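Okay, so here's the structure we're looking at.
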Amino acid sequence: MSVVESKSNGTPKVGVYVCHCGINIAAKVDISEAVAFAKDLPYVTVAKDYKFMCSDPGQEIIQKDLRDGLIDRVVVASCSPLMHEPTFRRATAEGGGNPFLFQMANIREHVSWVTLDKVAGTEKAKALIAAAVERVVLHQPLEKTSVPVHPDVLVVGGGIAGIHAALTLADAGKKVYLVEREPTIGGHMAQFDKTFPTLDCSACILTPKMSAVRAHRNITLWTYSEVDAVDGFVGNFKVRVKRKPRYVDEEKCVGCLECIEACIFKKGKTDDEFNVGLVKRKPIYVPFPQATPLVAVIDPDSCVEFKTGKCPKSCAEACEPDAIDFNQKERIEEIEVGSIILATGFKTFDARRITRYGYGKYPGVYTSLEVERLVNAAGPTGGEIIMKNGEKPKAVGIVHCVGSRDEKTNRYCSRVCCMYSLKLAHLIKERTNAEVYNFYIDMRTPGKGYEEFYDKLLQENVHFIRGRVAEVSDWAMEPEEEGKLIIRAEDTLIGEVRRIPVDMVVLSVGLEAQPDADEVRRLFNISCSREGWFLERHPKLAPVSTFTEGVFLAGACQGPKDIPDSVAQAGAAAAEALALIDRGQVEMEPNTAYVTEELCAGCRTCSAICPYGAIVFDEEKDTASVNGALCKGCGTCVAACPSGALQQNLFTDEQIFREIKGVVSYV
Amino acid sequence: MSKPKVAFYWCASCGGCEEAVVDLAEDILKVVDAVDINFWPVALDFKRTDVESLSAGELAVSFINGAIRSSEQSEMVHLLRDKSQMVVAFGSCAHLGGIPGLANTFDREALFKEAYANVPSVDNPDGTVPQTEIDVPEGKLTLPTLWDTVKTLDQVIKVEYYLPGCPPPVKLIKNAVDAIVGGQLPPVGAVLAPDIALCDECDRRETKPDKLSIKEFKRPHATDIDPEKCLLAQGLLCLGPVTRQGCGATCVKANMPCTGCMGPISRVHDYGTKALSAMASLTDTNDEQEIEDILAKIVDPVGTFYRYSLPASLLHRSYMPDAQEGNQK
Amino acid sequence: MSNTENSMSTFEPRIVAFFCNWCTYTAADLAGTARMSYAPNVRVVRIMCSGRLDPQFVLSAFREGADGVLIGGCHPGDCHYQEGNYKALRRFTLLKQFLRAMGIEEERVRLEWIAASEGDKVQRVINEMTEAVRALGPLHLEPMSTSTVERLIPEELKADAVAQGGTHE
């Protein structure tokens, strides 16, 4: 493990390159002082600076010095390694050096962007440069290992994003497992009637895609199923999928729905999930007539047979193909895939949390999703806006930003609510000719055709009141307010508080992360952002990747977005997965642990520590042994090893000790 | 060729290292034959002037045991250094500071107070403590200054080799003497013992479970110790994994956990924190409160993990915020 | 605190931070991207996981001149490598006991769980810790002897160190 074994024979020659990053770094770090300081550090033979080190000419400076033999190790003091470590490692390799004889000093994200005083910033930058130089001197020339990538893909979530990703991949010839928790795919889009801004019929554009999924020979569709466990790593995931029992044999059921007709319940008693509780369903049901797959499901919580064992089972009698099977058991499927796309979608904000809007208190207050079902021709009211009291509303108030842009609930804007509020305003006006009032804070209509849609609404005699609704109540102040719901809001454009009596209030609820997002993301070893959405690797440059290689994101699970963006993101995620599969190999970071066998006494302190089982005691060698393919490079075992026999490539004890010395003893 | 001249000297030590030399038994005769002992005040009547009268580098080897904690010890070892071609730090105290090193959790004032005032068997109403000089009718009498901080030998003079152990195992002493006499020494700065942990030569190695983890740390006096099984696996704080071998695991053979007298393997910078890291890593829980409870059973982390090596550790001694540089002597 | 009072007003603590790559280091980057300014006294050493933190590093940081050490890891349950942060917690707990027995003030070593999106927490923790350590004053450790310095030079560089005329102290 001596320097002599490295490519360069003899003393290390370190080149230090300090980046200005335009004025991003140069404004708060005195570059020439940093360069002068670097020049005096031990082993430094070259110290230079340049405006943009990551650019081609910047990289060329490093490469020329390598080719001329002036340096054999590189330190770049610039932005975060999370940004450009791969860039500069590649540049070093292309210049003829080993890409791992390289270290970055983060003097942008950690210095110039966070330090107000230039003198202090320069001192801190010098310390970080010294640390990098001290450390890089002990780096070893490493080679990356490659592992093959399994060509199959797992898509979790069968909404529009998951469907689109699955179809894209399947069309490219890859085998896709599409796992959906509900008994049908389609997600929220299946619940909508028309989609903005074109007012396309949602089902008309969605159902062909759903059928395509069902029919595609490359897609294995598992509905009413959940991912139970994920093991492995990029290119080589082992996933356990739990297939919940429908108590109906999927192979045999022809979707005739006779069983539902025959059920001993003449009327449904359970809240119908697809219709957001507006109607009831029977214990045996299909979510909606175009459900894919069109297979009945028995809900054991409400089914008499499951509760008492004494049902005549008229459903089974009515079933000609004999598909009903009360003894069906949960099944576990174990699959191997190379990449995973998460498309688990969103949930709507629970309007009960804002009590002053009266949801759950006044029957005339609806959420937008409930109204979507009302306006849907296949919904509980056949597309007519008929309220719970059986009447059509003559005046409707639509309240924007319920559970969005709100310090008390969610600070963010849910992005789609202005557009769908306008859409609902249009549809309600069309179906009822009621007076429609939209209470908004701002009109957010940025997409293609969105502003034009808003213009159209402005022509349609819909009233727009700019003010956040303070409360909805049934307390009448004037005779004409009797029996109505009063919406109180300040109309900020005229500076007055107004009371608008309406029959129906529609709460435009915001989007939130799914309630189990935290558990799901642990399954896949990714992170969530503050608000609970899955965290992307980089908000601008890597919006569909995560910090876990091989796991990608698509659709609203990453953040609120509309259908065009969900589809676009799904395509992007599919492309990332395809790129991975086509590469065929994935390079593993070589920062794995290794054992120096002569030093290992077999004390077994390490073998219980590794959560991946990458360290075992090798009986033959009589020492600990690291499986490089399983090792993820966390270094936990290295810190535990009592004799220093275990070390981690790129993070050896000595390298870190030198870095500590550099970071605190010079400046 | 004349026989190489050697010296044996002791500083802050217990005398065990001197006895270890005697433990060479018959082999001591071979040693006595092979070398010319010029200075061994413990065994024979040697005086300081015997060393002073030597010329520089006249001694081939000085074997110095004991830690350095007084001005006299410092003077003596400097003197021996001057007269020796090679100095071997003999035993834990010289190598790492040893048991006296635990005084580094106090300072001189605290030690004197304890020894000359607080101890129940002392009757010292005036609170008199040792002075470094006193005037008597015959003139001035002086005593060496006791330092606040115990130091290892190499923190005071340059040392070529280290013989670890409390005391160094006889086998290692023999090997060392043979190597010196025969001129077959490793590079300067080496510790003259195998560079691998005790577990490697311990009889109980085979009984280690594949996944070692500890739910409760036990103290030797408060538990029944299975004489066959790995002590660490039984929850005893056996520091075998952290400690150099070469002693034949004598303590473990006597059914007591290793306390780490042979010091660290070469890759380790600080014995105590490495031991601490290893033992903490083994606790079998992820719950914050449970972790605290299990580790609270380790009642004296300094005494347990730095029993022999506190002066050699990265901190050298406990922190005295009011002390200034140079005040430590 | 005697004659260090004057120097206390100009005392700038030096704090070494060990940040885990996936959560804390990312959060610190986020603080940078969001231009959150904080005290410049903390210098970050990047490790892949807080589980890599060997307590020797903490002592080494103090030995090299740091007045405080900050350790950052992912929240319990969120470790990118499953459980590394729990091992860090185990070691830190025992290390704290040890440091207390050695008389080093508790505020000088701090373990914080910081998620990747918590740039503001990085800012707050760094500012808090800088002030806490400033109030304690510099950590004047017993100076390290030359022999210890030499002993700690890695094998590969010993020859160079000698050639360059001794250690870099």
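FYI, side chains are in, hydrogens and waters are out, and symmetry mates aren't considered; it's all heavy atoms of this structure. Per chain, numbering begins at 1; letters A, B, ... match sequence-line order. Bear in mind the structure is a predicted one, so any value in this text is a computation, not a measurement.
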If I measure from the heavy atoms of chain B, does Cys600(A) come under 4.5 Å with its side chain, its backbone, both, or neither? backbone
Out of curiosity, Ser643(A) OG to Leu198(B) CG, how far, rounded to the nearest 0.5 Å? 11.5 Å
Specify which of Asp622(A), Ile609(A), Val616(A), Ile615(A) makes the most heavy-atom pairs with chain B at under 4.5 Å. Asp622(A)
Give the interface residues of residues 280-302 of chain B toward chain A, defined by a heavy-atom separation under 4.5 Å. Ser281(B), Leu282(B)
Report the C-alpha distance between Arg267(B) and Asp653(A) in whole Å, list the side-chain angles of each, state the deciding distance to 0.1 Å, and finish with yes or no for side-chain contact (heavy atoms from CB on, under 4.5 Å). CA-CA 9 Å; Arg267(B) 293 290 169 93; Asp653(A) 283 342; 5.9 Å; no
Quick check on Glu654(A) against chain B: is it the side chain, the backbone, both or neither that has a heavy atom closer than 4.5 Å? side chain
What pair of heavy atoms forms the shortest contact from Ser277(B) to Ala639(A), and how long is it? OG-O, 2.8 Å
Distance in Å, Thr596(A) OG1 paired with Ile265(B) CD1, rounded so as to fall on 0.5 Å steps: 12.5 Å
Contacts of residues 231-248 of chain B with chain A (heavy atom under 4.5 Å): Pro241(B), Val242(B)
Ignoring hydrogens and angles, tell me if any N or O in the side chain of Lys211(B) forms a donor-acceptor pair with the backbone of Arg604(A) under 3.5 Å. no
Taking all heavy atoms of Ala608(A) and all of Leu212(B), pick out the closest pair and write down the distance. CB-O, 3.3 Å
Chain A contact via Pro209(B) - side chain, backbone, both or neither, heavy atoms under 4.5 Å: backbone
Ile196(B) side, atom CD1; Glu597(A) side, atom CD - distance, nearest 0.5 Å: 10.5 Å
